[in-house]
Amino acid sequence: MKHFQRPSRSAAVASEAMAATSHPLATTTAVGVLRDGGNAVDAAIAAAAVLCLAEPHMTGIGGDCFVLYSPRGGPPRALNGSGRAPTAASLDWYLERGFREIPERSAHAVTVPGAVDAWFRLLADYGTREMEALLQPAIRLAEEGCQVAPRVAYDFTEACAQIADDPLAANMFLRDGVPLGPGDQIYQPRLAATFRRIAKEGRRGFYEGPIAEDMVLRLRALGGLHTFEDFALQQSSYEAPISVTYAGHDVYECPPNGQGIVALMMLKTLAAFDLFDPKQTDADRIHVLAEVTKAAYNTRDAYFCDPAASPFDVSRYLSDEYADQTRAGLDLRRSSAALVLDEVEHKDTIYLAVVDRDGNAISFINSLFAEFGSGIMAPNSGVLFHSRGSSFRVVQDHPNAIGPRKRPLHTIIPGMLVKNGRAVMPFGVMGGHYQATGHAHFLARLLTGDLDPQAAAEAPRSFAHGGRLQLEPTIGSETAADLERRGHKTVWTTKPLGGCQAIQIDSERGCLIGGSDPRKDGMACGY
């Protein structure tokens with residue numbers, strides 16, 4: 001039961017339909033579509049488009065998209081809307097020119113944006129509304145202005161430095177060199193015109209014609225290897241999702257090239273621990289999560305990639321034997337060697353969940369990768385490019401080495417919880433590297449810690465990353481001292497760890513229970 005004398009949010013409760021997003025405008029847009037008779041897919045696309053205006057540093061049509069969709073609550077389907085490297089992007093090309101990494105703020109970090117194709121593919125297969133109607137709320141915000149919300153303004157204070165070198169983007173999000181603050185208006189008329197063309201011409205309006213020309217010429221002017229054919233060839237794909245059983249539920253994730261496999265590995269390992277036994281302390285729980293994180297992420301960075309380019313056996317890493325081996329290597333009293341990642345840090349993503357009156361459930365994530373992506377904006381279309389290609393390695397024989405038409409390892413991972421073959425909760429946790437750990441932490445709190453989606457989202461977070469154990473300030477100093485004695489190098493986080501949305505489906509009672517992370521501006525709402 002919620003403690004009503006402590007500052008926190010109540011979970012949202014509804015009977016017919018619900019949306020949970022990271023921004024109020026996106027949530028109300030989704031609920032409006034649902035009330036007008038649209039389904040979960042329609043609502044998710046309309047909300048995602050609005051978030052391109054409301055959280056422009058997090059997401060946009062210049063980014064990528066992953067989806068888990070459960071039609072009428074049945075088994076989920078996974079849609080991979082990630083883009084590919086240019087055909088000319090061979091590893092040798094970069095090695096010969098002395099690249100040691102793919103610079104995040106460069107045209108080389110831009111793989112072909114996959115989101116728009118994914119939106120149209122999803123809508124054609126499962127939607128009930130026309131794209132033109134679904135994009136109208138976003139078009140209005142782009143033309144008439146979208147006010148900056150508090151968390152967005154907080155992020156802008158640091159994020160806007162990433163676009164200072166691009167005058168097109170800087171003029172959009174800065175006023176006299178100062179980041180926009182709470183209540184200030186963002187106007188994106190070029191992006192509005194692009195949305196109108198896409199609405200009229202479909203995916204071809206983005207990947208071919210004037211908009212594609214604008215994007216390709218901009219990237220090539222900055223040294224990119226992109227061609228018109230690279231954009232025209234972009235295509236999302238349905239793939240079989242992967243899953244493990246945890247606490248009596250099946251947890252589904254998109255398969256690689258995403259890191260959903262990492263979340264499943266962690267849950268498989270955690271399944272043998274009773275984290276919420278009364279004898280366990282907060283330090284015990286945080287320590288176990290940290291050790292399991294380090295083991296899973298070490299495996300991720302060594303082996304995981306686009307399986308179409310470098311095949312690997314997913315089932316091996318989700319097997320009982322692999323989980324047993326991982327647990328055997330854990331010391332429950334001492335910290336293992338620090339995990340120091342040489343991947344680019346990335347944390348800028350939006351996640352949303354929608355459940356409609358017919359039981360359709362969608363788990364939807366869209367991302368620019370880093371803050372404002374690559375920081376590069378196409379001049380005529382207003383498309384801000386992501387930087388997903390910066391996670392490629394420039395290392396011979398590395399599974400995630402850059403290559404022609406290869407998809408990079410992705411961090412964005414929608415999740416779907418299933419019980420007895422029925423979807424019972426679309427969920428997701430934003431936060432770059434943290435996402436896999438966030439999925440494990442959230443589900444452990446929800447399923448074994450007896451919390452509702454809102455309380456589980458609000459629970460204090462920790463993350464073993466970069467050689468340090470990051471702790472949110474809501475974790476007690478005594479707990480931090482205990483962790484230090486176990487060998488962890490603890491630090492207090494200066495920014496919130498991630499953000500979470502989820503909608504729990506209670507079919508027996510005809511009830512939807514939603515949660516939206518207070519670390520963001522968003523909310524869950526239904527009717």
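Along the sequence shown, the residues carry numbers beginning at 1.
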Report the C-alpha separation of Tyr322 and Thr299 in whole Å, then their side-chain angles, then the decisive distance to 0.1 Å, and conclude whether the side chain to side chain donor-acceptor pair (under 3.5 Å) test is met. CA-CA 11 Å; Tyr322 199 87; Thr299 301; 3.0 Å; yes
At what distance, to the nearest 0.5 angstrom, does [atom1] of [X] lie from [atom2] of [Y]?
X: Leu25; Y: Glu55; atom1: CG; atom2: CD; result: 10.0 Å
X: Thr293; Y: Ile286; atom1: OG1; atom2: CD1; result: 11.5 Å
X: Met425; Y: Leu443; atom1: CE; atom2: CG; result: 5.5 Å
X: Ile186; Y: Leu180; atom1: CD1; atom2: CG; result: 5.5 Å
X: Ile163; Y: Ser374; atom1: CD1; atom2: OG; result: 11.0 Å
X: Lys520; Y: Tyr351; atom1: NZ; atom2: OH; result: 14.0 Å

Does the ring center of Tyr434 lie less than 6.0 Å from the ring center of Phe463?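 Centroid separation for Tyr434 and Phe463: below 6.0 Å.
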Looking at the rings of His465 and Tyr297, which for Trp means the six-membered one, are their centres under 6.0 Å apart?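 When the ring centroids of His465 and Tyr297 are compared, they turn out to be at least 6.0 Å apart.
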Applying side chain to side chain contact (heavy atoms under 4.5 Å, CB included), can you list everything that pairs with Asp331, at least two apart in sequence or on another chain?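 Side chain to side chain contact (heavy atoms under 4.5 Å, CB included) check on Asp331 returns Arg333, Arg334.
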Is any side-chain heavy atom of [X] less than 4.5 Å from a side-chain heavy atom of [Y]?
X: Met430; Y: Ser22; value: yes
X: Val418; Y: Val424; value: no
X: Tyr246; Y: Thr448; value: yes
X: Glu371; Y: Cys160; value: no
X: Asp521; Y: Val152; value: yes
X: Val148; Y: Pro182; value: no
X: Lys406; Y: Ile402; value: no
X: Gln396; Y: Leu95; value: yes

Going by atom types only, do [X] and [Y] share a side-chain donor-acceptor pair under 3.5 Å?
X: Glu484; Y: Thr490; value: yes
X: Arg461; Y: His441; value: no
X: Thr493; Y: Gln470; value: no
X: Ser367; Y: Thr349; value: yes
X: Thr59; Y: Asn366; value: yes
X: His433; Y: Arg300; value: yes
X: His57; Y: Asp155; value: yes
X: Glu321; Y: Gln325; value: no
X: Asp482; Y: Thr479; value: no
X: Gln435; Y: Thr437; value: no

For the residue pair [X] and [Y], does the interplanar ring angle fall in the parallel (under 30°), tilted (30 to 60°) or perpendicular (over 60°) class?
X: Phe312; Y: Phe304; result: parallel
X: Phe173; Y: Phe156; result: perpendicular
X: His488; Y: His287; result: perpendicular

So, for [X] and [Y], which heavy atoms are closest and what is the spacing to 0.1 Å?
X: Ile413; Y: Ala263; value: CD1-CB, 4.4 Å
X: Ala115; Y: Gly60; value: CB-O, 4.3 Å
X: Met416; Y: Ala361; value: CE-O, 3.6 Å
X: Trp492; Y: Glu472; value: CZ3-O, 3.5 Å

Between Glu104 and Ser387, does the side chain to side chain donor-acceptor pair (under 3.5 Å) criterion hold? Intermediate values first, please. CA-CA 6 Å; Glu104 186 177 80; Ser387 56; 4.6 Å; no
Answer yes or no on whether Arg77 is positioned over the face of Tyr238, meaning its NZ or CZ is under 6.0 Å from the six-membered ring centre and within 45° of the axis.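 Satisfied, under 6.0 Å and within 45°.
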Side-chain ion pair, Asp450 and Arg445, N-O less than 4.0 Å: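 Between Arg445 and Asp450 there is no salt bridge, as every charged N stays at least 4.0 Å from the carboxylate O atoms.
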Does this structure show an ion pair linking Glu291 with Arg327, if we count only N-O contacts that are shorter than 4.0 Å?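 Salt bridge between Glu291 and Arg327, a charged N being under 4.0 Å from a carboxylate O: no.
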When you measure from the side chain of Ser106 to the backbone of Ile102, do you find a donor-acceptor pair of N or O atoms at a distance under 3.5 Å?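 Side chain of Ser106 to backbone of Ile102, a donor-acceptor pair under 3.5 Å: no, none is there.
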Are there over 12 heavy-atom neighbours, none belonging to Phe99, within less than 6.0 Å of that residue's CZ?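 Yes.
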Can you confirm whether more than 12 heavy atoms, excluding those of Asp313, are under 6.0 Å from its CG atom?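 Yes, the 6.0 Å shell around CG holds more than 12 heavy atoms from other groups.
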I'd like to know whether His108 forms a ring-ring contact (aromatic ring centres under 6.0 Å, His included) with Phe392, so could you lay out the CA-CA distance, the side-chain angles of the two residues, the decisive distance to 0.1 Å, and finally the verdict. CA-CA 10 Å; His108 299 293; Phe392 277 128; over 10 Å; no
If a pair satisfies side-chain hydrogen bond (donor to acceptor under 3.5 Å, both in side chains) and one of its residues is in residues 247-256, list it, with sequence neighbours excluded.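 As it turns out, the side-chain hydrogen bond (donor to acceptor under 3.5 Å, both in side chains) pairs with a partner in residues 247-256, which skip direct neighbours, are Thr245-Asp250, Glu253-His439.
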